[in-house]
Amino acid sequence: MRFLNPISPTRFDVVAGLSRWEARSQFGHEVGWYQSTDGSVFAVLVWNIELKHHVALLGRDLAGRYRWVHQTPESATPGVALAAASLFVVAMHAAGTTVYEQGDEGKQVDLFTPVVAPSKLHERFKLLSADEHYVAARAVVGYLMPWLENQDGNFVQQFQSDGFDARIWELYLFMMLRELGHQVSFPIPAPDFLATGDDGQFLVEATTANPVQPGAEPARPTTKAEADLYVENFVVSRYSNVLLKKLEKRYWELPHAAGLPLTIAVQDFHHQLSMTYSGNALQVYLYGRNVDAVADGTFVVREIKEHVWGTKTFPSGFFFQPDAENISAVLFNASGTISKFNRIGVGAGFGSPNVDLIHFGRRRDPDDPSGGVNFSTQVTEGYEEAWTDGLNVFHNPRAKRPLDMSLIPGAAHHFWDGEQFTVLFPKGQLESSITYNVRRVEPPVP
């Protein structure tokens with residue numbers, strides 16, 4: 001019986017990749033990824049600078065995290081290292097070992113057993129927890145959650161009810177930061193994350209623009225002129241509400257925030273699919289400027305002093321408000337939703353054989369940074385997508401502590417120098433997209 005079977009690096013990343021920082025001394029240049037037949041152990045074959053091979057093995061601890069449990073001696077060939085790893089797996093299998101206690105585990109968190117009344121369950125939580133269309137996302141969230149500290153004790157309750165979108169956004173940010181190689185800790189009482197990497201540290205506070213009260217949602221625009229006003233005023237008002245509230249918290253005055261870049265990561269959930277079109281509204285509000293096309297095909301920057309929606313008037317230019325110089329940048333990703341978890345999960349082999357995912361939208365053209373190209377892709381096992389794909393970082397021109405671009409590679413970085421915008425896009429940057437979940441229907445039997 002073969003006890004270690006090759007798997008894709010994407011599958012390893014989903015299940016055990018979060019252990020990399022913890023076990024970084026055991027990881028070198030990874031050249032192979034494996035899973036035991038019973039799924040209790042994952043392994044990575046490493047080739048080091050001395051041209052030797054070893055295998056790091058990871059098993060599930062009491063909290064559900066896959067962590068380092070054994071390392072084989074170094075050998076000259078990968079075959080010898082893998083043979084030694086297989087012997088370890090065989091011995092653990094014979095002993096009936098499926099959980100590897102580490103001694104520092106807290107209580108295991110169960111995200112999907114309801115703890116709130118059925119009437120309070122969020123519709124998207126119900127889809128994630130039980131619908132076959134989201135089985136891949138459910139697997140990704142299940143492997144991820146044990147690594148995220150439940151700081152305020154109500155994560156599960158909020159995840160299942162009215163805080164679902166905000167908690168998904170936090171899970172996305174955690175995965176994005178870990179993908180970049182940062183160690184992620186959870187400052188008490190705030191902000192949400194402290195990211196520590198080889199090039200420095202920065203803080204991230206997460207927030208979401210949420211729906212208005214029932215009955216207060218404005219009529220949807222039907223013309224381009226109405227749409228422009230809707231985005232430039234109503235959508236901007238949703239961002240203004242949450243960003244100004246975060247400014248009032250004065251996180252930069254906390255002792256553990258001293259001297260560190262402080263960022264706010266905002267996602268727009270004010271309306272279904274609103275994040276797919278509201279990114280420009282965020283830039284308009286942050287800098288108090290819009291970029292308008294003119295008849296000759298060029299563009300002009302138009303300054304905006306204020307926004308008006310109904311009876312409410314509020315100033316534009318968040319970065320130019322009092323105390324905003326303490327915010328280094330604002331992060332946004334239209335793709336930071338449950339659909340990204342689903343796509344990555346399908347790519348890792350956790351999808352349902354009865355469901356097809358079609359991902360389509362628009363990406364930056366790698367050969368033409370000024371334009372974009374449409375795409376349509378069927379998401380299958382082996383599909384690859386980075387957590388940073390689609391991420392935008394809007395840098396504050398007045399920041400006391402500017403955020404170094406090197407801390408968030410793979411994102412689009414936006415700058416305003418007082419006269420013009422500069423945007424540094426990675427090749428193929430995701431601009432906007434939608435994912436269709438399609439259930440396969442067997443043809444009728446003749």
Side-chain angles (χ1 to χ4, degrees), residues 1-110 135-136 138-148 175 178-179 181 344-353 381-382 384:
M1 178 182 291
R2 187 172 191 175
F3 283 89
L4 281 177
N5 303 300
I7 60 173
S8 69
T10 303
R11 188 177 182 89
F12 181 88
D13 285 346
V14 167
V15 177
L18 288 172
S19 65
R20 279 194 177 90
W21 183 274
E22 181 183 75
R24 59 193 180 279
S25 62
Q26 285 78 37
F27 289 81
H29 181 61
E30 299 177 16
V31 294
W33 303 266
Y34 303 85
Q35 176 180 344
S36 64
T37 303
D38 64 358
S40 65
V41 175
F42 283 75
V44 55
L45 176 64
V46 177
W47 185 50
N48 63 28
I49 59 175
E50 297 176 351
L51 306 183
K52 298 291 184 67
H53 294 82
H54 70 266
V55 175
L57 295 110
L58 303 100
R60 190 190 292 268
D61 70 5
L62 290 176
R65 298 168 294 186
Y66 278 88
R67 299 168 65 187
W68 183 90
V69 295
H70 182 70
Q71 179 175 315
T72 66
E74 290 185 343
S75 60
T77 66
V80 173
L82 287 169
S86 294
L87 288 175
F88 173 83
V89 174
V90 170
M92 294 299 100
H93 182 77
T97 304
T98 57
V99 176
Y100 298 80
E101 184 175 354
Q102 299 274 350
D104 60 355
E105 297 95 334
K107 182 179 178 182
Q108 186 166 5
V109 176
D110 181 358
V135 64
R138 186 158 63 249
V140 175
V141 171
Y143 285 118
L144 154 64
M145 185 56 208
W147 291 91
L148 196 67
M175 288 302 291
R178 289 300 296 262
E179 178 185 67
I344 290 175
V346 169
F350 293 108
S352 165
E381 186 171 358
E384 295 182 2

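Bear in mind the structure is a predicted one, so any value in this text is a computation, not a measurement.
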Could you walk me through whether His53 and Thr77 pass side-chain contact (heavy atoms from CB on, under 4.5 Å), step by step?
CA-CA 6 Å; His53 294 82; Thr77 66; 5.6 Å; no
Thr72 vs His54 side-chain heavy atoms within contact, under 4.5 Å:
yes
Minimal heavy-atom distance between Ala43 and Leu4, with the atoms involved, is CB-CD2, 4.3 Å
4.5 Å side-chain heavy-atom contact, Asp38 and His93:
yes
Which residues pass the side chain to side chain contact (heavy atoms under 4.5 Å, CB included) test with Glu384, not counting sequence neighbours?
Thr10
Give me the atom names and distance for the closest heavy-atom approach of Gly351 to Val135.
C-CG1, 3.9 Å
I want to check something: taking the side chain as every heavy atom from C-beta on, are Phe12 and Val44 in contact at a cut-off of under 4.5 Å?
yes
Are Val41 and Leu58 packed together at the side-chain level, in the sense that at least one heavy-atom pair is separated by less than 4.5 angstrom?
no
Look up atom NE2 in His70 and atom CZ in Phe88, then write down how far apart they are to the nearest 0.5 Å.
5.5 Å
How far apart are the closest heavy atoms of Tyr66 and Ala16, and which atoms are they?
CB-CB, 4.0 Å
Quick one: does Val55's side chain get under 4.5 Å of Val46's, heavy atoms only?
no
Is there a side-chain contact between Gln102 and Val69 in this structure, where contact means two heavy atoms from C-beta onward sitting under 4.5 Å apart?
yes
For Ala136 against Gly345, the heavy-atom pair lying closest together
CB-C, 3.6 Å
If every non-hydrogen atom of Trp33 is compared with every non-hydrogen atom of Ser8, which pair is closest and at what distance?
CB-O, 4.3 Å
Which pairs with one or both residues in residues 7-16 pass salt bridge (Lys or Arg N to Asp or Glu O under 4.0 Å), sequence neighbours excluded?
Asp13-Arg20
Considering only heavy atoms from C-beta outward, does the side chain of Tyr34 approach that of Asn5 to under 4.5 Å?
no
Would you say that Asp61 contacts Tyr100 through its side chain, given a criterion of any heavy-atom pair below 4.5 Å between the two side chains?
no
Grab the two heavy atoms, one from Leu62 and one from Glu105, that are nearest each other, plus how far apart they are.
N-OE2, 3.2 Å
Aromatic plane relationship, Tyr143 with Phe350 - under 30° parallel, 30 to 60° tilted, over 60° perpendicular
tilted
Run Arg60 and Phe42 through side-chain contact (heavy atoms from CB on, under 4.5 Å) and show every step you take.
CA-CA 9 Å; Arg60 190 190 292 268; Phe42 283 75; over 6 Å; no
